[in-house]
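Order of the sequence lines fixes the chain letters, A, B, ..., with proteins taken first and strands second; residue numbering starts at 1 for each chain. This structure is a prediction, so every number in the text was calculated from the model and none was measured.
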Amino acid sequence: MSARGQKVQQARPNKNQLLAMYETMLLIRRVEETLMEVFSAGEIPGFLHVCLGQEAVPAAVAAHLSQDDYIGTTHRGHGHALAKGVDLNLFMAEIYGRANGYCLGRSGSMHLADAGHGVLGANGIVGGGIPITTGAAFACAYKHPGRVAVCFFGEGASSQGAFYESLNMAALWKLPVVYVCENNGWAEFTPQSVHMTVADVAQRARAAGVEAEVVSNDVLAIHQVAGRAIARARSGEGPFLLEVKCNRWHGHFVGDAQKYRGKEAVAQAMSDDCLARFEQELIGAKVLTAKKAKELDQEKREAVAQAVEFARSSPMPQPGDLAEGLYL
Amino acid sequence: MSARGQKVQQARPNKNQLLAMYETMLLIRRVEETLMEVFSAGEIPGFLHVCLGQEAVPAAVAAHLSQDDYIGTTHRGHGHALAKGVDLNLFMAEIYGRANGYCLGRSGSMHLADAGHGVLGANGIVGGGIPITTGAAFACAYKHPGRVAVCFFGEGASSQGAFYESLNMAALWKLPVVYVCENNGWAEFTPQSVHMTVADVAQRARAAGVEAEVVSNDVLAIHQVAGRAIARARSGEGPFLLEVKCNRWHGHFVGDAQKYRGKEAVAQAMSDDCLARFEQELIGAKVLTAKKAKELDQEKREAVAQAVEFARSSPMPQPGDLAEGLYL
Amino acid sequence: MAEIRYILAVGQAMGEEMERDPDVLLLGEDVGAPGGSFGASRGLLERFGSRRVVDTPICEASFLSLAAGAAACGLRPIVEIMFMDFITVCMDGMVNQLAKMRYMFGNQYKLPVVVRTPAGGGLNAGPQHSQCLEAWFAHVPGLKVVMPATPADAKGLLKSAIRDDNPVLVVEHKALHAMKGEVPEGEHLVPIGEARVCRQGGDVTVVTAGRMVHEALAAAAELEAEGIGLEVIDLRSIQPWDKQTVFDSVAKTHRLVVAHEAVKAFGFGAEVAAAVGEELMDELDAPIGRVGAPFMPVPFSLEQAYLPGAVQIAQAARQAAQGGF
Amino acid sequence: MAEIRYILAVGQAMGEEMERDPDVLLLGEDVGAPGGSFGASRGLLERFGSRRVVDTPICEASFLSLAAGAAACGLRPIVEIMFMDFITVCMDGMVNQLAKMRYMFGNQYKLPVVVRTPAGGGLNAGPQHSQCLEAWFAHVPGLKVVMPATPADAKGLLKSAIRDDNPVLVVEHKALHAMKGEVPEGEHLVPIGEARVCRQGGDVTVVTAGRMVHEALAAAAELEAEGIGLEVIDLRSIQPWDKQTVFDSVAKTHRLVVAHEAVKAFGFGAEVAAAVGEELMDELDAPIGRVGAPFMPVPFSLEQAYLPGAVQIAQAARQAAQGGF
Ligand SMILES: Cc1ncc(C[n+]2csc(CCOP(=O)(O)OP(=O)(O)O)c2C)c(N)n1
Ligand SMILES: Cc1ncc(C[n+]2csc(CCOP(=O)(O)OP(=O)(O)O)c2C)c(N)n1
Ligand SMILES: [Mg+2]
Ligand SMILES: [Mg+2]
C-alpha cells in the first residue's frame, strides 16, 4: 500500500508488491475452490457466487488501497473483500452463517460487509451497490480527504439506471470513486450480446462524462490503470471507470450446470487463467521460484482449511439474538 | 401527414405542409397564452406547465405522424397533444377537470391522454413516460408494423435511469421510437449545468447505442431531422434521439416568479421566438402574407376562446362517478 | 388429472395462453433460452420464438413500464420479476403508471399486464431475496394481487390474470415451486377474488394465503388431535379479497386467526382483522389472532427460526379457541 | 414562543441541526438556490454553502442510495424527495438498502439518514402528486416513520429524526405547509414513538396522524354539540407507534375510530385496529371504525369529494358512540 496523494501508484510495482498481488490472487483462488466444494457438499445454505478466473481484478485494484479506503461489491464479492484485507476466519464464519461472522450470520456470502476494512457490503440487488459506493466517495470528499471508494460490479449491472445515475453524480461532483467493471461476458445465464448494444461498458461511462479505459484480464495491466485512476481520484480529479474483460469460469452460482453454455465455450473461458499466467511471468522475471510458489500455495491451502475449520466449529446464532440491533 | 414507409418525410415540406406547421405552432401559442391567463385568474386548480417558446418541436415532429402513431409526453405536454391532433374542446375540458374531458376530469393537464390520437399521456413522473413510450414502440414492432412512437421529454428527465435503460432496450431491439428531447436549459428552478456534466443529451444517447443529433429551435431544421428519424424508425432501422436546444420562456409552472433567473436571462430566452421567426420566413418566401397571418391568428384565437367556453360550460364530474372504471 | 409441479403449472398456464392469444408474450431476465431463473418458462422460447419470449437487460424499472406501454397499445405482456424483492426497483411503474393509467385516463386504455414474481423465504437467500411484500400492492388501487398456494391455483389464477384487462400481480412462493399437486387439464381458470375453503372446521377460522395455507393445514391436523377444529381459508386473492367467504366462516366459528409469512406489522392480516373487527365484531367470541414474521429483515442464518409456520398458527388457534371475553 | 409556519419550522430544524453538527447536510432536487420546491430549505444554501446544500440531478433512486452510502461512512444526510409519490422511484434504496444495512451487516454501520417528503392531497395535483404511502414503510423493518401534524412537531420530530442513528422517513403534509402554530424556541425535540393526546374526551377515541389530526379536532368540536366527547390522539409516529397511549385511551372510552388520509384498505389504520382487536378486544364496546380514502387514485377533479375529513370522522365516531353489541 502506498502513501496517499503521491503518484507512486503509477510506478511499476516492486518485487514485494508483485508477490503481494500474487499471494492475494492465490488466496482468492483457494478460497473460492474450497467454497465450491463445501457448498456443493451442502455445508452452506443459500446462494454462492464464486469469482474463479477473475482473481486479477481484486488483487490489482486493492493493491492501491489502504485499510480506510472503501469498497462496495456485489453477489460475486469474495475476492474483493479478501483483497481488501478482511480476516479470513471471520469472513468464512459469515459465509457459514455463524454468530461470530462479520455480520453475525445475518448476511452470508451475498451481503458480506466489514466496516473495519471499509467493505461496504456485497449486495444482493444488481446495481444496488453502485450509488451506495458513490455515496462513500461523497463522504470521502466531504469528510475524509485523501480516501477513495472503489465500486466493483459486472457488465450486467451496467444496464441498471443506477449505474448511469451514479456516474453522472460522480462526474458532476468530481467524487473520488473508481468504478471497476468486471466484464465476464455473462449476466446469470445470458450473454452480453443479449442485453447490451455497445461492446464496452467504458462507452457507457463516457456518456455520463466519466473517463474510462478497457484492459484485459492481466494483473499488471489492471494494476497500472487502477493505480492511475485511484491516484487521480485521491487528488480530486474525479471518477474513472476501469473495465476488465475477463471470463467467468463456472456457472452463475455454484450448482448452475450451465446448460446454456457450450462445453467448448467453458473450456475456452477456463483457458484464460490470470493466476497461472502471472505465476509464469513472475517465475520468468525471477521474482518467484516454482518452489516458493508451491510453498505459498501450501500456506494458502492451510489458511483456508483452518478458516473452514474455524467456521465449522463456530456457534450458530441463537434465535434470541435475531432481534438484536434492528434499531440502535 | 405522409404515407408510411416512404421516405417522403425527408423531402422539404411543401407549401401546405409549411402552413400546417405554422398553424399548429400558432394554435399552441394561443392555447398556452390563454391557459396562463385563465389559470392565473384561478379558473383551473392544480399545476399548469406551459410550453411557450417551444412550439416548433411539437409542430415539426408531429408533421410526420399519422393519427395512429403514438406519442408519450410530460408535464409540459399541451403542445405535443395539440400537434398530434386532439380535439381542442375535449382537451380544454380535461384541463378544466370536466366530466366530458378526455379523461373524465381525472387527469387534468398533467396526465392528459387521448387514445383516439395515440396520445399515451402526459406524465407527472419525470422520466416515467420514457419507458412507457418505448413500450408503445415495442407494440408497434410487434403488432402494428409501420407505426412509430415518439417520446417527448426534457433534459432534466435525461438524468433519470429510466432514460438510459429505455434507450438501451430500444437500441437492442431496434424499436421504432424517436426520442425528442426539448432541452430548454432548465429543470424546474435549476439550470442544466447543475445536474449534467455533458453539454448534450445526444451524447448520453450515443452511449446507449442510439444515434442522435442536436438542432436549434428552428422548425424547419427540426422537421428535417425528425423526418429522417421517423422514416428510419418506420422502416425498422431502430431508434433515434433528436435534441432541440430551446428556451423556456416562463417559469417552471404558471405562477413561478422565477426569482432564481435574472430578468436579462428571461428577456434573452424570450427573444428566441420560433413562431415569429417562422412567420417572417414564410412571409419572405411568399408562402404566407401578413394579412393571412392575421386571419389565421384570429381563427386560432376564436377556436381557443370557444374551447374555453366549452370547458367552462361543461359539467363537473359527479362524486358518484368517481369510482367508475377502476377495474374493467 | 395430472400431478405436476407448481412451477410447471406456471409454465403451462403461460404456454396455453400464448397459444390461445398471439398478443400474450413474456418479458424478463433470463426467461428465454435458460427458461427463467426458476424454470417457469422452460421450453417457451423454442415454442414461441424470441419475439414473444423476450430476454431483457437487467433494468426492472424500465421493462416493467415498457410492458405497461405495450399493453396500452394492444399487447398482453407477462413480466417476470425474478425475486419479489427486486420489485422495489420498479415501483414507479407498478404504482404510478400501471395501476393508475386506466383510471386516470378515464378508461381509455386497458392495461392487461401480468407481473409474476416469486416471493418468500425457504432458500436461505437472505434479507434481499426473501421478502413478502404483497401488502404494499393491496394498498394500491388499480392493482389486483393473487397468491396461488397450489399447482392448480398457480395455473388457474395465472390464466385468469393473463385474461384480465387490469394489471395483476401474481405472487408465487419460491418454497412451493417444487410442490406437486393435481392440476385439471384443459381450460382451467380460477376466478380472481374468490377464496377457497380448503378445510372445514367448526372452532376457529384461519385465513391465510400462499405457502402458509399448507402450514395452516398442518396446524389443523395437529389441533384435530386436541379436539379443535380449524376451518382453513385460502384467500387466493389479496386484492380484491373474498370478504363474504371469510365472514361466513367467522359467523360459524366465531373465532379467527389470520396468518401470513410477511412481517406481521402492517401486513395483509391487519386488513382482514380490521375489516372483521369493523363489520363483524359482534360475531366474535375471542380476540382475532394474527401470525406473521417478526419485525426484522429475513436473516441468512436461522431462517427457519425466523419464518412463521404451523407452530405459530397452532398456537394462535389454540389461544383463539380457548380465549373469550 | 413564536407563531411560525409549518414549512418554516422544517427549515429551522434543518438549519439548527446543520449548525450543531457539520456532518448534517441536505440533498435533493432544487434544494439549493431555489430553497426547495416548497421552500423548506430557503436560506440554507447561503448559510451552509453548496457542499452541504446539494442540488441533485433528477435521479431519486441513486441520490437516496448515495445518502445511505454516505451515512455508512460518517455523514448524516437529509434527503428531500419532492413529492411522496416520487419515492416509488427509490424504493430499492429505501427498503433493500437503507432499511436493512444496519441489521443485515450485524450492527457494523449506523444509518443516520432522514428522508423528508411531502405527501397528501389538497393541491389538486392529481393521481401522481397526492398519495399517502406511509403504510408501506411502516411494514419495512429498519425504517422509522413519523408524520408531524403541527409546526411544533414538524420541527421537533425532524430534529429528533436527524439525531437518530437509524433511517427515519418524515412525512410532511403539503396541505399543512402554510399552517401557522406556536413553536418552542431553542432546543425543541419531540421523541419518535410518542403519541400526543391532543384533546381529552370520554366517549370515543380517535387515533390519527398528519393532516387528519386537524380534521379529527374539527369533528370533535362538532360532536361536542351532540354530547359526544372525542379523545383525539395524534400518533405522530407510525413506526414505531405508541400502543400504550392508544390502549390507555381505549381502556377509558371503550370505543375507537382510526382515521387517515391514505386509502383505507391496507392503510396504517388497519394495523392499529388489528392490534387493538388482538390485544384489547375485551375493552371494546363497539366495532372499531375506520376512516380513509376510497379505493381509487386521487382524481384531479373532485379532489375535495375524494379526500376524507372531519365529516367522515364525525360519522364514524357517531356510529361508534351509538354502536354496541
Ligand atoms: C435488481 C436485480 N435484478 C436481478 C437480479 C438477479 N441477478 C443476480 S446476479 C445477475 C447477473 C449479474 O450480472 P453481472 O452484473 O454481469 O455480474 P456477474 O454475475 O457476471 O458477476 C442477476 C440478473 C438481482 N439480484 N437484482
Ligand atoms: C420523479 C420525479 N422527480 C421530480 C419531479 C418534479 N419535477 C417536475 S418537472 C421537473 C423538471 C423537469 O425538467 P425537464 O425534464 O428538463 O422538463 P421541463 O420542465 O424543462 O420541460 C421536476 C424535477 C417529478 N415530477 N418526478
Ligand atoms: Mg457479468
Ligand atoms: Mg428542461
Under a 4.5 Å heavy-atom cut-off, does chain C meet the side chain of [X], its backbone, both or neither?
| X | result |
| --- | --- |
| B:Leu172 | side chain |
| B:Asn123 | side chain |
| B:Val177 | neither |
| B:Leu322 | both |
| B:Ala137 | neither |

Of the backbone (N, CA, C, O) and the side chain (C-beta and beyond), which part of [X] lies under 4.5 Å from a heavy atom of chain B, both, or neither?
| X | result |
| --- | --- |
| C:Ala61 | both |
| C:Phe105 | both |
| C:Leu25 | side chain |
| C:Pro77 | neither |

Student check: side-chain heavy atoms of B:Glu165 and C:Phe63 closer than 4.5 Å: no

What is the distance from atom [atom1] of [X] to atom [atom2] of [Y], rounded to the nearest 0.5 Å?
| X | Y | atom1 | atom2 | value |
| --- | --- | --- | --- | --- |
| B:Lys143 | C:Asp23 | NZ | CG | 3.0 Å |
| B:Ile125 | C:Gln97 | CD1 | CD | 6.0 Å |
| B:Thr134 | C:Leu66 | OG1 | CG | 6.5 Å |
| C:Leu27 | B:Phe138 | CG | CZ | 5.0 Å |
| C:Lys100 | B:His111 | NZ | NE2 | 9.5 Å |

Shorter than 4.5 Å, heavy atoms on both sides: which option in C:Ala70, C:Gly93, C:Ser62, C:Cys59 has the most such pairs with chain B? C:Ser62

Which is it for B:Trp173 and C:Thr56 under the side chain to side chain contact (heavy atoms under 4.5 Å, CB included) test, yes or no, and what are the steps along the way? CA-CA 10 Å; B:Trp173 302 328; C:Thr56 60; 3.9 Å; yes

Taking every heavy-atom pair that is under 4.5 Å apart, which of B:Ser107, B:Ala115, B:Ala139 has the most such pairs with chain C? B:Ala115

Specify which of B:Thr133, B:Leu120, B:Leu104 makes the most heavy-atom pairs with chain C at under 4.5 Å. B:Leu120

Exam field: side chain B:His144 to backbone C:Cys73, donor-acceptor pair closer than 3.5 Å: yes

Answer yes or no: is there a donor N or O on one side and an acceptor on the other, between the side chain of C:Gln108 and the main chain of B:Tyr102, under 3.5 Å? yes

Determine whether B:Cys103 and C:Met104 satisfy the following criterion, side chain to side chain contact (heavy atoms under 4.5 Å, CB included), listing intermediate values before the conclusion. CA-CA 7 Å; B:Cys103 306; C:Met104 78 178 166; over 6 Å; no

Given the ring of C:Tyr103, does B:Arg106 sit roughly above its face, with NZ or CZ under 6.0 Å from the centre of the six-membered ring and within 45° of the axis? yes

Can you name the closest pair of heavy atoms from B:Tyr142 and C:Pro22 and give their distance? OH-O, 2.6 Å

